[in-house]
Amino acid sequence: MGEPIRIKSLDPTLRNEVADLMKGFDYSNCLSCGMCTAGCVYSDLMEDHDPRKFIRKIALGMREELVSDPFVWNCNMCERCTVECPMGVNIAALTRAFRGKTAMPPGHLQIIADDHIRTGNQMAVEQIDYDETIEWIEELMQEDLKDPTFKIPMDVPNADFMFGFNAREIKHYPSELQTILNIFHAAKANYTLSSKRWDATNICLFTGKNDEFQEISRPLFEEAERLNPKEIIVTECGHAFRSTRMFARTFWKGKPIPVRHIVELYADWIKDGTLKPDKTRNVLPVTLHDPCNTVRKEGVSEPQRYVLENIVMDFRDMNPNGKNNICCGAGGGALAVAATKGQRMIKAKPKVDQLLATGATIGCIPCHNCIDQFNDMNKHYKLGMKIMHLSPLLEIALGLAEPE
């Protein structure tokens with residue numbers, strides 16, 4: 001039996017502080033029914049992983065208990081609990097708001113935020129390294145296209161779209177960026193990259209520090225305002241997509257700039273005949289993971305399925321999927337906290353079971369954050385699966401690359 005709650009230890013100002021951060025949250029919406037905990041796939045896997053207790057602690061003003069509550073930073077903020085809530089209470093938003101009150105986030109979260117503010121990208125890639133990587137990709141594409149005059153469009157005004165991507169695609173996976181640019185070239189796309197502001201990610205989506213969130217994302221939008229594209233297209237990165245859209249909706253005061261996910265662009269190109277993929281080039285069975293930030297939070301779930309149905313012979317959806325999908329277990333900034341590795345692998349088990357149930361050989365993971373988790377779980381559970389983004393599968397179907 002737990003310790004009794006002492007009235008004198010409660011701080012009634014806490015609930016109003018958090019409510020103000022959310023622009024007037026109404027705690028009476030919470031019925032204390034426990035459906036949020038029932039909807040959380042991790043509540044039975046992890047100790048102290050109970051969203052119902054978390055929201056009640058805020059409502060009661062249990063400030064001291066919350067400061068040391070592991071739920072605050074262990075929550076993956078996936079919003080699976082909200083799907084089950086009869087009142088639609090967004091516990092992920094409450095979690096983020098409370099995190100924003102924390103002096104120092106765990107792991108590398110604050111270091112990443114500081115690096116992004118200082119250098120313009122989350123991995124502190126210096127300008128010379130960015131320029132040289134773009135130049136190197138350009139040279140490889142010139143060779144592949146047998147066209148020494150080919151140039152990656154940089155700082156082109158009035159393009160159809162400006163492409164925002166993840167610093168991983170410069171620092172660790174330039175071949176992934178080359179794949180995407182190959183597809184853009186095949187579509188004869190009128191696009192541009194920025195020479196200065198190109199990283200669409202924002203780690204403060206997880207830390208809850210809105211002043212730093214704005215400081216990180218605003219320069220990307222100022223660059224878009226300068227170059228005047230019709231829209232911003234964001235790479236296969238759920239948190240980059242979510243944070244870019246969130247900034248556009250909530251904080252951007254300039255000319256409205258639409259933000260779309262790259263899978264939406266691919267779907268459009270296939271529908272209108274701009275791209276003509278040959279699905280017989282991808283014969284192995286493929287399943288699809290739904291990144292929480294892309295699908296449940298931003299509602300983009302059908303374009304990626306449309307693309308896969310047109311580029312692979314054997315597409316096998318997981319169950320449940322779409323807005324009911326199971327988080328991979330690495331959301332909420334967990335990948336940037338090294339101490340969570342063991343916990344991440346425990347949380348990966350429900351997703352591992354989903355993967356195995358499909359019998360698929362290839363896992364299509366259209367998110368940089370998720371794909372790192374899938375690579376870890378692939379090794380940890382010895383699944384022997386091929387883990388890929390969607391873009392390489394499309395590249396193969398277009399005949400721009402050979403199946404491995």
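What you see is a predicted model; the values in this text were computed from it and never measured. The basis for the numbers below is simple: all heavy atoms, side chains too, and nothing from hydrogens, waters or symmetry mates.
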Taking all atoms of both residues into account, what is the closest heavy-atom pair of [X] and [Y], and its distance?
{"X": "Thr102", "Y": "Lys209", "result": "O-NZ, 2.5 Å"}
{"X": "Thr95", "Y": "Val72", "result": "CG2-O, 3.4 Å"}
{"X": "Ala19", "Y": "Tyr27", "result": "N-OH, 3.7 Å"}
{"X": "Met377", "Y": "Val352", "result": "SD-CG2, 3.7 Å"}
{"X": "His116", "Y": "Arg197", "result": "O-NH1, 4.4 Å"}
{"X": "Ala336", "Y": "Ile112", "result": "CB-CD1, 3.8 Å"}

- Message: Please verify the inter-ring angle class for Phe161 with Trp269; under 30° counts as parallel, over 60° as perpendicular, anything in between as tilted.
- Response: tilted
- Anything under 30° is parallel, anything over 60° is perpendicular, the rest tilted; go ahead and classify Phe213 against Phe247. tilted
Look only at the side chain of [X] and the backbone of [Y], and say whether a donor-acceptor pair between them is shorter than 3.5 Å.
{"X": "Ser301", "Y": "Gly322", "value": "no"}
{"X": "Asn228", "Y": "Glu225", "value": "no"}
{"X": "Asn375", "Y": "Ile371", "value": "yes"}
{"X": "Glu223", "Y": "Ser194", "value": "no"}
{"X": "Gln110", "Y": "Met104", "value": "no"}
{"X": "Arg52", "Y": "Thr37", "value": "no"}
{"X": "Thr244", "Y": "Phe241", "value": "no"}

Below 4.5 Å, heavy atoms only, C-beta onward: do [X] and [Y] meet side chain to side chain?
{"X": "Val307", "Y": "Phe315", "value": "no"}
{"X": "Phe165", "Y": "Cys237", "value": "no"}
{"X": "Met123", "Y": "Asp115", "value": "no"}
{"X": "Trp136", "Y": "Pro174", "value": "yes"}
{"X": "Leu355", "Y": "Met385", "value": "yes"}
{"X": "Ile180", "Y": "Tyr266", "value": "yes"}
{"X": "Asp50", "Y": "Phe71", "value": "no"}
{"X": "His380", "Y": "Asp376", "value": "no"}

- Task: Measure from the ring center of His368 to the ring center of His389 and say whether it is less than 6.0 Å.
- Result: yes
- Query: What about the rings of Phe184 and Phe163, do their centers lie closer together than 6.0 Å?
  - Reply: yes
Can you confirm whether more than 12 heavy atoms, excluding those of [X], are under 6.0 Å from its [atom1] atom?
{"X": "Glu64", "atom1": "CD", "value": "no"}
{"X": "His108", "atom1": "NE2", "value": "no"}
{"X": "Lys101", "atom1": "NZ", "value": "yes"}
{"X": "Lys279", "atom1": "NZ", "value": "yes"}

Would you mind checking if [Y] and [X] are paired as a salt bridge, meaning a charged N to carboxylate O distance below 4.0 Å?
{"X": "Asp372", "Y": "Arg168", "value": "yes"}
{"X": "Glu309", "Y": "Arg305", "value": "no"}
{"X": "Arg260", "Y": "Glu231", "value": "yes"}
{"X": "Lys196", "Y": "Asp155", "value": "no"}

- Partner of Thr201 under side-chain contact (heavy atoms from CB on, under 4.5 Å), chosen from Ile203, Asp199, Leu205: Asp199
Cut-off 3.5 Å, side chains only: do [X] and [Y] have a donor facing an acceptor?
{"X": "Glu176", "Y": "Asn166", "answer": "no"}
{"X": "Glu212", "Y": "Thr207", "answer": "no"}
{"X": "Gln373", "Y": "Asn369", "answer": "no"}
{"X": "Asn210", "Y": "Arg96", "answer": "yes"}

Enter the distance from [X]:[atom1] to [Y]:[atom2] here, rounded to the nearest 0.5 Å.
{"X": "Tyr191", "Y": "His185", "atom1": "OH", "atom2": "NE2", "result": "8.5 Å"}
{"X": "Thr274", "Y": "Ile183", "atom1": "OG1", "atom2": "CD1", "result": "13.5 Å"}
{"X": "Leu390", "Y": "Ile262", "atom1": "CG", "atom2": "CD1", "result": "9.0 Å"}
{"X": "Met35", "Y": "Cys40", "atom1": "CE", "atom2": "SG", "result": "12.5 Å"}
{"X": "Lys171", "Y": "Glu126", "atom1": "NZ", "atom2": "CD", "result": "9.5 Å"}
{"X": "Lys323", "Y": "Arg80", "atom1": "NZ", "atom2": "CZ", "result": "9.5 Å"}

- Tyr306 six-ring face occupied by Lys271 cation (under 6.0 Å, within 45°): yes
- Task: Check the pair His289 / Gln354 against side chain to side chain contact (heavy atoms under 4.5 Å, CB included), numbers first and verdict last.
- Result: CA-CA 10 Å; His289 167 64; Gln354 276 193 299; 6.0 Å; no
- Item | Worked check of side chain to side chain contact (heavy atoms under 4.5 Å, CB included) between Cys78 and Arg296 | CA-CA 8 Å; Cys78 75; Arg296 187 157 35 243; 3.8 Å; yes
- Item | Residue pair Arg99, Met77: steps toward the side chain to side chain contact (heavy atoms under 4.5 Å, CB included) verdict | CA-CA 11 Å; Arg99 285 182 177 189; Met77 299 167 63; 3.1 Å; yes
- Task: Check the pair Val89 / Phe25 against side chain to side chain contact (heavy atoms under 4.5 Å, CB included), numbers first and verdict last.
- Result: CA-CA 9 Å; Val89 173; Phe25 177 76; 3.7 Å; yes
- Task: Test salt bridge (Lys or Arg N to Asp or Glu O under 4.0 Å) on Arg249 and Glu298 and set out the steps.
- Result: CA-CA 12 Å; Arg249 276 194 303 264; Glu298 291 297 334; 2.9 Å; yes
